[in-house]
Amino acid sequence: MTSTASSTDTRQGQTSHDQRPPWQQRLRRFGHSARAGSDVRARLVPPYAAPSPRLWQVLGVGPVLAERLGRWSGWGGPLLVTLVAGVMRFWNLGSPKAVIFDETYYAKDAWALVHRGFEVDWAKNANDLILAKNGQVPIPTDAAYVVHPPVGKYVIGLGELMFGFDPFGWRFMTALLGTLSVLMLCRIGRRLFRSTFLGCLAGALMAVDGLHFVMSRTALLDGVLMFFVLAAFGALLVDRDRARERLAAALPTGEDGGARPDAAVAEGTRLGWRPWRWTAGLLLGLALGTKWNGLYFLAVFGLMAVAWDVAGRRVAGAGRPYVAVLKRDLGLAFLSTVPVAIVTYLVSWTGWILSSTDGSGGYFRNWAATDGRGGSWTWLFPDWLRSLWHYEHEVYEFHVGLSSPHTYMSNPWSWIVDGRPVSYFYESPSPGADGCPADAGEKCAREVLAIGTPLLWWVAGFAVLYVLWRWLLRRDWRAGAIVCAVAAGYLPWFLYQERTIFFFYAVVFLPFLCLAVAMLLGAIVGPPGSSDTRRVAGATGAGVLVLLIAWNFIYFWPLYTGTAIPIDQWRSRMWLDTWV
């Protein structure tokens with residue numbers, strides 16, 4: 001027999017690869033690599049990355065202060081990014097002092113909802129009266145047919161109750177939620193990547209995205225939907241960590257102090273009621289109660305959370321993780337999401353449900369007592385539920401048949417490259433008027449354009465390909481989570497390519513694009529343990545790219561805020577013909 005020392009087999013160090021499943025061996029040629037062995041506890045709940053001591057030495061920070069800064073940075077960094085984002089979003093929020101784009105629907109619907117409990121039919125000159133009389137106008141009594149649930153409009157109406165029925169009032173809550181979403185993304189990114197730096201980078205990228213900025217300063221529903229979806233994702237992420245912490249704590253410890261996999265523990269441990277998952281169900285119900293495409297996130301996030309449970313029990317040592325999840329987790333996982341979301345959705349219609357059924361209440365509120373009378377099984381369901389079901393059916397028919405042409409409609413294929421932005425507001429002030437410089441020579445352009453920061457979106461296209469690769473070939477669950485969220489917000493629109501749809505719908509998956517870009521930039525900087533030369537080169541490249549994105553946002557600032565600029569400067573910002 002030939003000894004190991006004298007063997008001529010050059011594959012001696014590769015025996016671990018030979019033990020991999022066949023599919024992993026086949027994927028190696030495309031870049032797949034198996035997870036290196038490590039303490040099970042660290043794999044279940046990875047530690048957060050600490051700033052390099054060399055960083056503090058370069059900055060001249062002593063060890064005691066460095067320790068405090070590292071401890072505070074988890075909240076200090078996100079709060080600093082949020083402060084900058086909030087100042088930008090609330091600056092001159094009431095400008096333009098006009099009802100811009102679809103504010104003509106949601107601002108008035110919100111005012112009616114918080115006062116009457118249902119939307120009403122406003123006169124054609126209502127916008128002019130509201131602006132001229134600072135919102136001191138009577139609310140009509142006739143119900144209006146609307147095609148979106150009430151949650152987002154209640155949110156907008158809350159700002160109107162606090163600050164008045166004027167542009168600042170109806171934009172206040174979207175600006176607040178837009179600002180808070182930056183804070184949430186910083187914290188979500190930190191938890192996802194186990195890096196405060198990458199989390200703050202993701203939040204900073206969203207803070208300087210033009211689409212997020214404009215949607216935060218406009219009373220539309222999609223920014224509210226984005227907030228609830230992102231919050232639900234964050235709640236599920238916290239739930240994932242809490243569940244894995246419980247599994248890790250239950251595992252036996254080896255002689256070296258590290259946790260050992262144990263099939264009995266992994267398959268038998270009950271993870272409790274998991275309040276963060278119930279919170280996610282509530283938030284997904286609020287998302288669904290804002291716009292119906294929240295339903296896709298409910299489905300995808302639910303499946304994603306179950307997949308996380310399977311992976312957690314497998315890492316803990318379960319021989320049959322799917323069976324274990326079926327027995328221990330699936331029932332409560334379903335109860336805490338789907339029924340909670342449905343009940344939340346129904347509760348959001350309380351104002352409409354409690355309105356009068358004599359014809360003076362909400363639209364279709366009296367349907368069950370009039371056109372919907374009769375039938376063999378109507379006695380099984382209350383009139384309010386039958387009327388609401390009929391209303392929802394009519395809304396569904398409207399949505400699937402909506403194909404009226406619109407100047408700014410776009411195909412979802414163009415969204416990821418900023419192909420067709422939406423103009424919310426446009427004026428051509430003369431020199432010396434409405435902020436137009438007196439020496440402009442000709443009329444200025446004053447526009448609010450819902451367009452993403454171009455460079456950020458173009459980089460995001462490559463970042464999506466990167467996270468797909470990380471997920472499929474590196475089995476990186478973080479990349480998989482980002483891909484799932486982007487897919488839930490983006491792919492369904494490809495089913496309705498002939499429908500009248502708009503680019504600003506993409507704001508709902510924008511936070512996850514920013515996470516993808518942050519992950520890509522982290523790879524450019526280099527993994528821990530890289531040489532100083534590699535790190536410096538990577539950090540320089542990533543830093544230049546981030547600065548270019550920030551410059552791009554500043555360059556387009558006039559188009560985001562409705563600032564009057566000479567027409568030549570406006571034309572110079574129309575980089576693509578499809579932007580005009």
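Keep in mind the model is a prediction, meaning the values are calculated, not measured. Numbers for residues simply follow the sequence, beginning at 1.
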Enclosure of Tyr490 OH (heavy-atom neighbours >12, cutoff 6.0 Å): yes
Test ring pair (Phe, Tyr, Trp, His ring centres under 6.0 Å) applied to Phe90 and Phe172, step by step: CA-CA 8 Å; Phe90 280 97; Phe172 176 82; 5.6 Å; yes
Candidate pair Tyr466 and Trp471, rule ring pair (Phe, Tyr, Trp, His ring centres under 6.0 Å), full reasoning: CA-CA 9 Å; Tyr466 171 71; Trp471 179 37; over 10 Å; no
Ser530 (side chain) donor-acceptor with Pro527 (main chain) under 3.5 angstrom: yes
Phe553 vs Tyr560, ring pair (Phe, Tyr, Trp, His ring centres under 6.0 Å): CA-CA, chis, key distance, verdict: CA-CA 9 Å; Phe553 174 76; Tyr560 301 142; 5.4 Å; yes
From CA spacing to verdict: side-chain hydrogen bond (donor to acceptor under 3.5 Å, both in side chains), Asp241, Trp276: CA-CA 10 Å; Asp241 278 359; Trp276 282 103; over 6 Å; no
Short side-chain to backbone donor-acceptor contact, Thr82 and Pro78, under 3.5 Å: yes
Residues which pass side-chain hydrogen bond (donor to acceptor under 3.5 Å, both in side chains) with Thr196, listed by chain and number, not counting sequence neighbours: Arg190
Geometric cation-pi criterion, Arg240 with Trp477: 6.0 Å, 45°: yes
Parallel, tilted or perpendicular: rings of Trp273 and Trp278 (30°, 60°): tilted
Side-chain donor or acceptor of Ser531 paired with backbone N/O of Arg534 under 3.5 Å: yes
Ring geometry between His399 and Trp292 (parallel below 30°, tilted from 30 to 60°, perpendicular above 60°): tilted
Carboxylate-amine/guanidinium proximity below 4.0 Å for Asp476 and Arg474: no
Test applied, side-chain contact (heavy atoms from CB on, under 4.5 Å); reference residue, Arg313; option that passes from Arg320, Arg328, Glu267: Arg328
Expected output: side-chain Asn552 to main-chain Thr453 donor-acceptor under 3.5 Å: no
Val467 and Met519: CA distance, side-chain angles, deciding distance, side-chain contact (heavy atoms from CB on, under 4.5 Å) verdict: CA-CA 8 Å; Val467 294; Met519 192 171 187; 3.9 Å; yes
Asp309/Arg277 ion pair, N-O < 4.0 Å: yes
Ser73 side chain to Gly76 backbone, donor-acceptor under 3.5 Å: no
Ring-face cation of Lys291 near Tyr505 (centre distance under 6.0 Å, axis angle within 45°): yes
Distance in Å, Leu205 CG paired with Ile549 CD1, rounded so as to fall on 0.5 Å steps: 5.5 Å
Distance, nearest 0.5 Å, that separates CH2 of Trp349 from OG1 of Thr344: 15.0 Å
Polar contact flag, side-chain donor to acceptor under 3.5 angstrom, His212-Arg89: yes
Tyr48 OH: over 12 foreign heavy atoms closer than 6.0 Å: yes
Any donor-acceptor pair under 3.5 Å from Lys153 side chain to Leu221 backbone: no
Evaluation steps, side-chain contact (heavy atoms from CB on, under 4.5 Å), between Phe462 and Val517: CA-CA 8 Å; Phe462 292 100; Val517 174; over 6 Å; no
Separation of Leu185 CG from Leu510 CG (nearest 0.5 Å): 8.5 Å
Any donor-acceptor pair under 3.5 Å from Arg187 side chain to Gly74 backbone: yes
Atom pair OG (Ser181) and CD1 (Ile188), whose distance is rounded to the nearest 0.5 Å: 9.5 Å
Aromatic ring pairing Phe502/Phe504, orientation class (parallel under 30°, perpendicular over 60°, tilted between): parallel
Heavy-atom donor-acceptor pair, Thr269 side chain to Ala266 backbone, under 3.5 Å: no
Audit row: Ile451, Leu211, side-chain contact (heavy atoms from CB on, under 4.5 Å) steps and yes/no: CA-CA 5 Å; Ile451 180 174; Leu211 181 62; over 6 Å; no
Intermediate values then yes/no, side-chain contact (heavy atoms from CB on, under 4.5 Å), Phe227 and Met173: CA-CA 11 Å; Phe227 175 84; Met173 286 303 297; over 6 Å; no
Whether Asn411 side chain and Ser414 backbone form a donor-acceptor pair below 3.5 Å: no
Main-chain N/O of Leu271 paired with Arg274 side-chain donor or acceptor, under 3.5 Å: no
